Amino acid sequence: MNAPGENTVLLFLFVAILGQVIIANSVPYDYSASFECLAEPLKPQYGGGILVNPEFNDVLKGWVSFGDVKAIHKVSKSGNKYAVAVTGSKPPQAISQKFQLETDKLYAISAWVQVDKGSADVRASVRTPSGFVAVGSVVANASCWSMLKGGLTVNVSGPGDLFFEANNSTAEIWVDNVSFQPFTQEEWKGHHNESADQKNKKPVTVTAADKDGKPIAGAKVTVNPIRTGFPFGTAINAAILKNTDYQKWFASRFTVTTFENEMKWYGTEFTKGHEDFSVADAMLEFAKKNNVHVRGHNVFWDDQNAQMDWVAKLPKPELEQAVAKHLKSVVTRYKGQVIHWDVVNENVHFNFFETKLSPDASTKIFQEVNKIDPDVLLFMNDFNTLENPGDWNAMPDKYLKKFHEIKKGNPKAKMAIGLESHFDAPNIANMRAVLDKMATAGVPIWLTEVDVGGTDAKQAHYLEQILREGYSHPAVQGIVMWASWTPKGCYRMCLTDNQFKNLPVGDLVDSLIKEWKTHAVGTTGEDGSVQAKLAHGEYSVNVTHPATNSSSAHKIKVGPDSHPVYKLEIHH
């Protein structure tokens, strides 16, 4: 911190903030990614990392064939050199390079991929001592290069092989400018701290002044958090309405929530023509009373199995009428009361409305929601894009393709990306890479339904990794966990027992909430000011001057767009 005056005494103490880790010779993480299909590939990230001959400038040195393939070295008309895998296997596999994997290291992986005709889904995998692991994917096309970006988290040291495979048995896989960069756990945490500090905190100057505006030196300034600025919460359900212990536990911690089922179509009109919003209304009032923002979840769900029997059986004309009626009913009712709408939930994986109504059904539904509630963020929301690189249907490119189709049909809509994040053992390196790729859309990203499978201590360990990665990533603007409580248990992850005593995951959540807050104490210098770096949020500020027996209490808000200077008057 820079001293604002010659005699300034700065005593700002930052409580529960993880300090920046500085590591000699550490490699900065490259958050860049590309969704565009380019005529020429970009240079490999990190200069290729630990790979030999990553740009194929030395023919195929360091590379071998993997599977039933014949590897060929080619040079384009522009002089670009690359490798081609001509295959006869199903699924086709491409060239590979061997290396030594090290326990507890995280590997950032990227490559530029093309196919000789049409398009194909191409996946990068690594053969590890524990088996084959999918580490990234991309939709590759003919005539241009697409960026695959992924990652690998290693638990066992030993030999490894990076290779590429496609779901098109007749495609030639072209590969260029590959990178495989290792990071230690300490380096990875250093990236967290640096990014979180830049994204979620802001330098602030507090100036104490008298009623005439003259600065006051020697005043003590105490800053305490009231409400954190980074949106963090968990889902709730109707059980909270009748349980005061649940209400107290929830409201004392979180700033945002999602209703588990109560706002969904089957939660409000299970029987045709009999709408009942009473439970959702009551939950919304509870949230408002406790200053908790609500995500609207959801207008529709594209899963065939999520439809009521009467909806699934409707012929097209009647289904169109029912969809229009429900859309108008739920969106109009909660317009201005929710901060988001999950509009057509899981429409990357499923297509009930596209099949029943039209291929552009999602786009049309987004259009209608935007007409009624134009100021709210409209989300696509889906699973496995972030958590499972082995799911061909959830590839980042496929999510983004659907997203851009809908956005093109809704140029004025405020759109956003929702990544559900139902994890088992997370591949944290791949999680960061996918967030990089999704960030190319240039819209807010939220982790909307975070949970972790399992019941042992690893659940809390894995949840911590996921939450830290989300909190620190430059593109992530909020996190909601999928951990609503019922007397019979939770979906996959409970934060408390039935007496609302924290389980290990609940303790972890509390520790992070505490860590993400900032407190400060300091004394003004000759110019009447002190400086600090505060996390975004609302604060109470007390200014006292013992010599004049004067004091003053104030409230300030710190955010990415807030003014960095606060001039506070002391009253006698």
Side-chain angles (χ1 to χ4, degrees), residues 33-42 44 54-56 60 63-76 80-97 109-127 132-152 161-180 348-349 351 359 382 384-386 388-405 430 433-434 436-438 440:
S34 175
F35 177 64
E36 293 183 78
C37 200
L38 305 179
E40 297 288 345
L42 301 180
E55 299 182 56
F56 301 97
L60 296 178
W63 298 90
V64 297
S65 298
F66 194 99
D68 183 19
V69 303
K70 178 182 179 182
I72 301 173
H73 183 262
K74 287 191 175 182
V75 181
S76 69
N80 181 52
K81 299 172 183 178
Y82 57 97
V84 174
V86 181
T87 179
S89 64
K90 295 182 181 181
Q93 296 169 330
I95 59 170
S96 170
Q97 186 162 147
I109 300 165
S110 62
W112 289 85
V113 184
Q114 187 175 164
V115 290
D116 63 323
K117 56 186 175 183
S119 67
D121 298 343
V122 176
R123 181 167 62 200
S125 296
V126 174
R127 180 168 56 185
F132 291 89
V133 180
V135 297
S137 60
V138 70
V139 176
N141 299 285
S143 304
C144 58
W145 294 91
S146 298
M147 185 185 190
L148 179 153
K149 191 169 190 185
L152 172 68
D161 298 85
L162 170 68
F163 66 95
F164 303 85
E165 57 186 338
N167 67 347
N168 184 339
S169 61
T170 65
E172 290 182 0
I173 305 174
W174 300 6
V175 180
D176 198 7
N177 294 357
V178 190
S179 178
F180 199 83
V348 179
H349 279 92
N351 59 3
D382 221 301
N384 274 358
T385 299
L386 192 63
N388 186 359
D391 186 344
W392 290 105
N393 295 319
M395 296 165 59
D397 286 52
K398 291 185 177 180
Y399 187 117
L400 289 170
K401 181 175 184 292
K402 185 80 172 181
F403 179 87
H404 287 296
E405 287 174 357
N430 184 72
V434 172
D436 297 345
K437 189 70 172 280
M438 304 306 287
T440 63

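What's counted below: heavy atoms across the whole structure, side chains too, no hydrogens, waters or symmetry copies. No experiment lies behind these values; they were computed from the predicted model shown.
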Mind checking the [atom1]-[atom2] spacing from [X] to [Y]? Nearest 0.5 Å is all I need.
X: L386; Y: N430; atom1: CG; atom2: CG; result: 8.0 Å
X: R123; Y: N167; atom1: CZ; atom2: CG; result: 9.0 Å
X: K402; Y: D397; atom1: NZ; atom2: CG; result: 15.5 Å

In T385, N393, D382, the residue satisfying side chain to side chain donor-acceptor pair (under 3.5 Å) with H349 is D382
Could you tell me which non-hydrogen atom of [X] sits nearest to which non-hydrogen atom of [Y], and how far apart they are?
X: A166; Y: A120; value: CB-CB, 4.4 Å
X: F56; Y: D176; value: CD1-OD1, 3.6 Å
X: S143; Y: Q114; value: N-OE1, 2.8 Å
X: E40; Y: S76; value: OE2-OG, 4.4 Å
X: D121; Y: V139; value: OD1-CG2, 3.7 Å
X: D436; Y: A33; value: O-CB, 3.7 Å

Suppose we call two aromatic rings close when their centres sit under 6.0 Å apart. Are Y82 and W112 close by that rule? no
May I ask you to decide if the ring planes of W145 and W174 are parallel, tilted or perpendicular, using 30° and 60° as cut-offs? tilted
Backbone N/O of V138 and side chain of K437: donor-acceptor pair under 3.5 Å: no
Any donor-acceptor pair under 3.5 Å from S65 side chain to I95 backbone: no
Side chains of [X] and [Y]: does their closest heavy-atom pair fall under 4.5 Å?
X: N177; Y: L42; result: no
X: W63; Y: V178; result: yes
X: S137; Y: P389; result: no
X: K81; Y: E55; result: no
X: H404; Y: F35; result: yes
X: L152; Y: L162; result: no

Is there a side chain to side chain contact (heavy atoms under 4.5 Å, CB included) between E36 and T440 once you walk through the steps? CA-CA 9 Å; E36 293 183 78; T440 63; over 6 Å; no
Side chain to side chain contact (heavy atoms under 4.5 Å, CB included) assessment of S146 paired with V113: CA-CA 5 Å; S146 298; V113 184; 5.6 Å; no
